**Student:** 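Mind having a look at this structure? Questions to follow.
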2 protein chains.
Amino acid sequence: MARVTIADIAARLGVSKASVSYALNGQAGVSEATRQKVVAMAAELGWHPSFSARALSRSRADAIGMVLRRDPALLGTEPYYMRLLEGVEDVLSDAGQSLLLRMVGTTPGRDIAVYERWAGEGRVDGVIVLDRAIDDPRPALLAKLGLPFVLHGVLPGNESGAERIEDQHRDAQLLVEHLFELGHRRIAHITGPLALAHEVDRRNAVRQECAVRDIAVEFAEADYTFDTAYARVTELLGSGIRFTALIFSNDVMAVAGLRALADAGARDIAAVSWDDSMLCQFSYPTVTALERYPDRAGRRSATMLLELLDGRSWNTAAPSPSTLVVRETSRAAASP
Amino acid sequence: MARVTIADIAARLGVSKASVSYALNGQAGVSEATRQKVVAMAAELGWHPSFSARALSRSRADAIGMVLRRDPALLGTEPYYMRLLEGVEDVLSDAGQSLLLRMVGTTPGRDIAVYERWAGEGRVDGVIVLDRAIDDPRPALLAKLGLPFVLHGVLPGNESGAERIEDQHRDAQLLVEHLFELGHRRIAHITGPLALAHEVDRRNAVRQECAVRDIAVEFAEADYTFDTAYARVTELLGSGIRFTALIFSNDVMAVAGLRALADAGARDIAAVSWDDSMLCQFSYPTVTALERYPDRAGRRSATMLLELLDGRSWNTAAPSPSTLVVRETSRAAASP
DNA sequence: CTGAAAGCGCTTACAG
DNA sequence: CTGAAAGCGCTTACAG
C-alpha cells in the first residue's frame, strides 16, 4: 500500500497541492466547493497526514515527553504514576498529541541527557517534569534548551512554589486533624526524601498543623521504600521518643511501618498514609489514607502544558481537594 | 537558538551536505580525514539529527507504540503493566527508539482506531499487542494496515499459539504441584476473562496438571476485578462444591477471594496467585504467588519487534522460568 | 572519495 | 480563490 499523499488528491481533482492543504486544514484560501471535493476525496482514498512531513514543515512534533526517574522496581508498586499517566494521556490524545515515555531510574543525570536529546532532535514539543527537587537543575536546563515545560504540581511562573497546586497544606490539615480528633497528641511523620520539594512542603505543613493543635511531632526521613521506612520506625521505637500515631508519606512506607510496629509488638499505634492504593486497602491492618486523585493532577499538568505551547493563558480549573479514606489504622489514642 | 543543521556543518567545513551525512551516519563514501573533521564540528556546534527530517527521508518513525486497553482504574493497581513497560522501554531506549503509549480503556474498537491512525500517519514503525483474545481481530487488521507487530507472549509466525513464550503450562505445573504437595485434592481456579487467549491456556493447563495428579478441579470465570472474584468465591462456597485450595489468575482477585473466604468463615482454605505484587506480599494473610518477571517478558517482545523491523532473524533468548514465592496462604489441606 | 541534485510529504508566503 | 515554488532537514542514488 503506497502512501496516499496530498499530491495524489490534487492530481485526481486537478487542483494544486496548496489548495488541498488549505482545504484539509480548514484554512482560508479555498472555495467551499473545492474544500468539499477535497475532503471527500481524502476520505475516499483513506488519506492521513504524514506525521513526519507535517512535523518537519511545521517544526512541531505533536508529542510531549515525560521522564520517570524513580527506581523502576518501585514504579510498579506505586499506582500513583500509572494514574498520573492515565490523566496526562487522556488530555493529550484528545488534543491529538502523543505521549513519549522514558524511564531512567535513579542514576543522576540520565534524565538530563534525555532532555538534551529530545530538545536537540525536536522530538517533543514540551515536557512534564515530576518530583521537583530542592535546587532542581531541570528548570534552568530546560529553559536553556528552549524546551517548554510544566513542573507537575506547580503553576507555571511560580517555580518558587508560591502557589502550589498540590496543596500539601490542605492535605496535612486533613491528616493531622484526623489524628487530633482520635486523641493523638504525640505523633511522628516518616517523610520521603527531603531533597524533594514537596516532601519539605509536607513536613513544614505537618509541623504547622501540629503546632496549632499543640501536638508534639517528630520527623524521620526515608526514601519511599519498604526497607528504609521499616528501619526508621524501628529506630523511633527504640529511641525512647513517645508517639501514638504515625504519618507516612506513601503507601509502601505505611505498610512497612505497620510491619515494624507489629514486629515490635506495638500494635496499638495509629497510622495514616499520604497516598492511597490497594496496598492500603488490603494490608493488615487496612490503612487510612488520602485519596489525592493523581489522574486529575495529571490532567491539569497536561492541560497547562498544551496551553503553554499554544500561547494561551491559564484557565485551568482549581485542583481537586483530597479525600481521607478512614480504615482500621485510625485507632484512638490509648487513654493516658 | 536556531537549530544547527548539516548544511551549517558543510558550510563551515567547505564540504557537501552529502559528505556530512555519510560521515555522521558512519557510512562509506567519505575519507577518514573528512569524517573526523565532520564529527568534531558536529560535536562543537552541538548538532543533533532532526528527528522529523530523518523520519521523513527514511520513512521510519523510530518509535514503537503500545495500546493498553484495560480499565485505567485497574491499570494502576496492576504492577504487571508498569514492569512490562519498564522492560520494553529499556530495550527501546538502548536502540534509540521511542515508546508511544496510549491508554484506551475497554470500549471496543478504540484501540483499532489508534492503530489505523498510527499506521496512516506513519507515527510508529510497529506495535506490541497485549492481551491477545480468542479470535482477536488485531493481527489481521495490523497486517492489512501494513503495521508490523509482535503479539506479546507469542513467537511471531506462531500466531496460532503453537509456541507460546509465556509458558502457561509450566506455570500451571508449578502452582498445581505446590498445592498437590500440600495435600490438596480438590481445588478451584478463578480465571480471568476466557475471551483472553492466555486465560484459556491457563485453564487447559491447570485441567491437565490436575488430571495427571488425580485432583478434582472446578473453574469459575471472573474479570480480574475485586468484585467479580469476591462474587465467584462466595458462589462457590455456597454451591456445595468442595475444595480446599484456590488458584487466582491475578493478585487483585486473590486478595478479593481471601476476603470472601474470611467473610464466610472459611479461613483454612489455601490460595495461590498467578501474579505476584506487593499486594500479595502485604495482604492478610500474605499470598503465595508466581513471580513471572514481566519486565523480562517486555524486554523479549521489544527485542523481537526490533528484530522484525530490521528484518533480522530471531535470536531471542529463552523465556525466564517463573518462580513460586511461598507465603502464608500455602496452607496444608485439612486432614480428611 | 566528493559534489550537485532530487526526493521524502507536507506548509506557506508569493504572485496571479 | 488558485497555482507555481520554495522550504523544513535530512538521505541517497547519480555523475564526476
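First the proteins, then the strands, lettered A, B, ... as listed; each starts at 1. Since this is a predicted model, take the numbers as computed values, not measurements.
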**Student:** Between A/I9 (CD1) and C/dG9 (C1'), how many Å, whole number?
**Tutor:** 11 Å
**Student:** Could you work out which one of D/dG9, D/dT11, C/dG9 sits closest to the side chain of B/S21?
**Tutor:** D/dT11
**Student:** The side chain of A/R58 is closest to which nucleotide in this list: C/dT11, D/dT2, D/dG9?
**Tutor:** C/dT11
**Student:** Under 4.0 Å between a side-chain N or O of A/S52 and OP1 or OP2 of C/dC10?
**Tutor:** no
**Student:** Is any side-chain heavy atom of B/T303 closer than 4.5 Å to a side-chain heavy atom of B/L306?
**Tutor:** no
**Student:** Which listed nucleotide (C/dC10, D/dT12, C/dT12) is nearest to the side chain of B/Y22?
**Tutor:** D/dT12
**Student:** To the nearest Å, give me how far apart CZ (A/R60) and C1' (D/dC8) are.
**Tutor:** 16 Å
**Student:** Contact class for A/Q27 vs. all strands (heavy atom < 4.0 Å): base, sugar-phosphate, or nothing?
**Tutor:** sugar-phosphate
**Student:** Compare the minimum distances between each of C/dC10, C/dT2, D/dT11 and the side chain of B/S19, then state the nucleotide with the smallest one.
**Tutor:** C/dT2
**Student:** Quick one: A/K37 NZ to D/dC1 C1', roughly how many Å, whole number?
**Tutor:** 12 Å
**Student:** Among C/dC10, D/dT2, D/dC10, find the nucleotide with the atom closest to the side chain of A/A53.
**Tutor:** C/dC10
**Student:** Nearest whole angstrom, please: distance from the C1' of D/dC10 to the CZ of B/R54.
**Tutor:** 8 Å
**Student:** Roughly how many Å is it from CD in A/E32 to P in D/dC1, rounded to a whole number?
**Tutor:** 10 Å
**Student:** Would you mind pulling out the nucleotide paired to D/dG3, Watson-Crick or G-U wobble, both distances under 3.5 Å?
**Tutor:** C/dC14
**Student:** Considering only C/dA5, C/dC10, D/dC10, which nucleotide approaches the side chain of B/A18 most closely?
**Tutor:** C/dA5
**Student:** Which pair of non-hydrogen atoms, one from A/P148 and one from A/D125, has the smallest distance, and what is that distance?
**Tutor:** CD-O, 3.1 Å
**Student:** Between B/S16 and C/dG3, is there a side-chain N or O to OP1/OP2 distance below 4.0 Å?
**Tutor:** yes
**Student:** Among B/R123, B/R102, B/E121, whose side-chain hydrogen bond (donor to acceptor under 3.5 Å, both in side chains) with A/S98 holds?
**Tutor:** B/R123
**Student:** In whole Å, I'd like the distance from the CD1 atom of B/I6 to the C1' atom of D/dC8.
**Tutor:** 12 Å
**Student:** Please check if atom CG in B/D135 has more than 12 non-hydrogen atoms from other residues, nucleotides or ligands closer than 6.0 Å.
**Tutor:** no
**Student:** Could you state the NZ-C1' distance from A/K17 to D/dC8, rounded to the nearest angstrom?
**Tutor:** 13 Å
**Student:** Would you check if the side chain of A/S93 reaches a backbone N or O of A/D90 as a donor-acceptor pair within less than 3.5 Å?
**Tutor:** yes
**Student:** Describe the nucleic acid contact of B/G122 in one word from base, sugar-phosphate, nothing, applying a heavy-atom distance below 4.0 Å.
**Tutor:** nothing
**Student:** Nearest-Å distance, CD (B/E121) to C1' (C/dC8)?
**Tutor:** 17 Å
**Student:** When the nearest nucleotide of DNA chain C is assigned to B/S57 and to A/N25 on a heavy-atom basis, which residue is associated with the more 5' position?
**Tutor:** B/S57
**Student:** Please check the phosphate of D/dT2 (OP1 and OP2 only) for any side-chain N or O of A/T34 closer than 4.0 Å.
**Tutor:** yes
**Student:** How close do B/D131 and B/R69 get, counting heavy atoms only, and between which atoms?
**Tutor:** O-NH2, 3.9 Å
